[in-house]
Amino acid sequence: MTETADVTTLLLSRIRDVADYPEPGVMFKDITPLLADPAAFTALTDALAEIAGNTGATKIVGLEARGFILGAPVAVRAGVGFIPVRKAGKLPGATLSQAYDLEYGSAEIEVHAEDLTSGDRVLVIDDVLATGGTAEASIQLIRRAGAEVAGLAVLMELGFLGGRARLEPSLAGSPLEALLVI
């Protein structure tokens with residue numbers, strides 16, 4: 001097996017399926033066993049840090065909440081800054097906000113206004129790409145802050161939900177990297 005195949009096998013082996021969570025008919029992908037395994041978490045961090053290096057990222061944006069868990073060690077490993085993108089009302093001080101639509105309603109995310117500048121190339125990191133709503137809003141927020149979007153990297157892409165097709169126009173040629181496509 002190649003190193004990439006070994007990492008893929010390791011990551012898949014540490015993701016637990018939880019049936020009917022958070023509601024009947026949903027198969028939840030639980031990454032807590034992966035996070036609890038130092039070898040798997042290190043392999044994940046290394047793979048995402050390599051993507052950060054390949055994109056020329058100067059900052060990592062982690063999306064609340066699991067994007068924080070994945071993005072912070074990637075930023076440390078890649079030697080770049082980490083910026084949390086939070087749900088509205090969670091950051092003190094001056095923020096930029098971006099509203100977006102959910103399946104049933106809407107939400108809003110925020111970033112500290114001074115954390116991103118025109119010289120930044122930002123890689124967005126999250127655990128799962130589903131429908132792409134939060135990722136799309138983060139891309140808009142990064143651009144509104146004057147920074148450049150270097151790409152989006154996720155542990156898992158739920159391909160059947162169409163997030164990639166939704167994001168490709170927003171990414172405008174920047175890469176979307178998924179370590180696992182389910």
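Legend: residues meeting side-chain hydrogen bond (donor to acceptor under 3.5 Å, both in side chains) with E64, ordered by chain and number and at least two apart, are R86. Under the side-chain hydrogen bond (donor to acceptor under 3.5 Å, both in side chains) criterion, S138 pairs with no residue, sequence neighbours left out. Among residues two or more places apart in sequence or in another chain, the salt bridge (charged side-chain N to carboxylate O under 4.0 Å, His left out) test is passed with R143 by none. Scored by the side-chain contact (heavy atoms from CB on, under 4.5 Å) test, A43 finds V7, L10 as partners (sequence neighbours excluded). Partners of E110 by salt bridge (charged side-chain N to carboxylate O under 4.0 Å, His left out), not counting sequence neighbours: none found. E108 is linked by a side-chain hydrogen bond (donor to acceptor under 3.5 Å, both in side chains) to S97, counting only residues two or more places apart in sequence or in another chain. Here Q98 pairs with Q140, R144 under the side-chain hydrogen bond (donor to acceptor under 3.5 Å, both in side chains) rule; sequence neighbours left out.
Judged by distance alone, the side chain of H112 and the main-chain N or O of I83 form no donor-acceptor pair under 3.5 Å.
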For this session: Would you check, one step at a time, whether the test side chain to side chain contact (heavy atoms under 4.5 Å, CB included) holds for I142 with V124?
Result: CA-CA 9 Å; I142 290 162; V124 178; 3.4 Å; yes
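Looking at heavy atoms from C-beta onward, L34 lies in side-chain contact with L44 at the 4.5 angstrom threshold. Side-chain contact between V85 and T134: absent, with no pair of heavy atoms (C-beta onward) separated by less than 4.5 Å. Counting heavy atoms from C-beta on, the side chains of D6 and T9 never come closer than 4.5 Å. Using a 4.5 Å heavy-atom cutoff, the side chains of M156 and L129 are not in contact. L152 has its side chain within reach of L167: a pair of non-hydrogen atoms, C-beta onward, lies under 4.5 Å apart.
For A147 against V122, the heavy-atom pair with the smallest separation is CB-CG2, 3.9 Å. Scanning all heavy atoms of the two residues, the minimum distance from A153 to L123 falls at N-CD1, 4.0 Å. In terms of heavy-atom proximity, I69 sits nearest to P73 at O-CD, 3.1 Å.
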Only pairs under 3.5 Å count here: list side-chain donor-acceptor contacts from residues 22-31, not counting sequence neighbours, and write none if there are none.
| unit_1 | atom_1 | unit_2 | atom_2 | d |
| --- | --- | --- | --- | --- |
| K29 | NZ | D17 | OD1 | 2.6 |
| K29 | NZ | D17 | OD2 | 3.4 |
| D30 | OD1 | T32 | N | 3.0 |
| D30 | OD1 | T32 | OG1 | 2.8 |
| D30 | OD2 | R16 | NE | 3.1 |
| D30 | OD2 | R16 | NH2 | 2.4 |
| D30 | OD2 | T32 | OG1 | 3.0 |

Do any side-chain atoms of residues 54-62 form donor-acceptor pairs under 3.5 angstrom with protein atoms, and if so which ones, sequence neighbours left out?
| unit_1 | atom_1 | unit_2 | atom_2 | d |
| --- | --- | --- | --- | --- |
| N54 | ND2 | E50 | O | 3.4 |
| T55 | OG1 | I51 | O | 3.3 |
| T55 | OG1 | A52 | O | 3.0 |
| T55 | OG1 | A57 | N | 3.4 |
| T58 | OG1 | D120 | OD1 | 3.4 |
| T58 | OG1 | R121 | N | 2.9 |
| T58 | OG1 | R121 | O | 3.3 |
| K59 | NZ | D115 | O | 2.9 |
| K59 | NZ | D120 | OD1 | 3.4 |
| K59 | NZ | D120 | OD2 | 3.0 |

Under 3.5 Å donor-acceptor pairs involving side-chain atoms of residues 172-182, not counting sequence neighbours:
| unit_1 | atom_1 | unit_2 | atom_2 | d |
| --- | --- | --- | --- | --- |
| S174 | OG | V149 | O | 2.8 |
| S174 | OG | L171 | O | 3.3 |

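Following chains of ILVMFWY side-chain contacts shorter than 4.5 Å, one cannot reach V154 starting from V80, and the two form parts of different hydrophobic clusters. A continuous path of ILVMFWY side-chain contacts below 4.5 Å connects L70 to L11, so both sit in one hydrophobic cluster. Residues V128 and F160 fall within the same hydrophobic cluster, defined by Ile, Leu, Val, Met, Phe, Trp and Tyr side chains chained together at heavy-atom separations under 4.5 Å. If you chain together hydrophobic residues whose side chains sit under 4.5 Å apart, L141 and L63 fall into the same group.
For residues 41-96, no pair satisfies ring-ring contact (aromatic ring centres under 6.0 Å, His included), with sequence neighbours left out. Under the ring-ring contact (aromatic ring centres under 6.0 Å, His included) criterion, no residue pair touches residues 116-149, with sequence neighbours excluded.
The CG atom of L155 lies 4.5 Å from the CD1 atom of I15; values are rounded to the nearest 0.5 Å. In this structure, OG1 on T95 lies 11.0 Å from CD1 on I109, to the nearest 0.5 angstrom.
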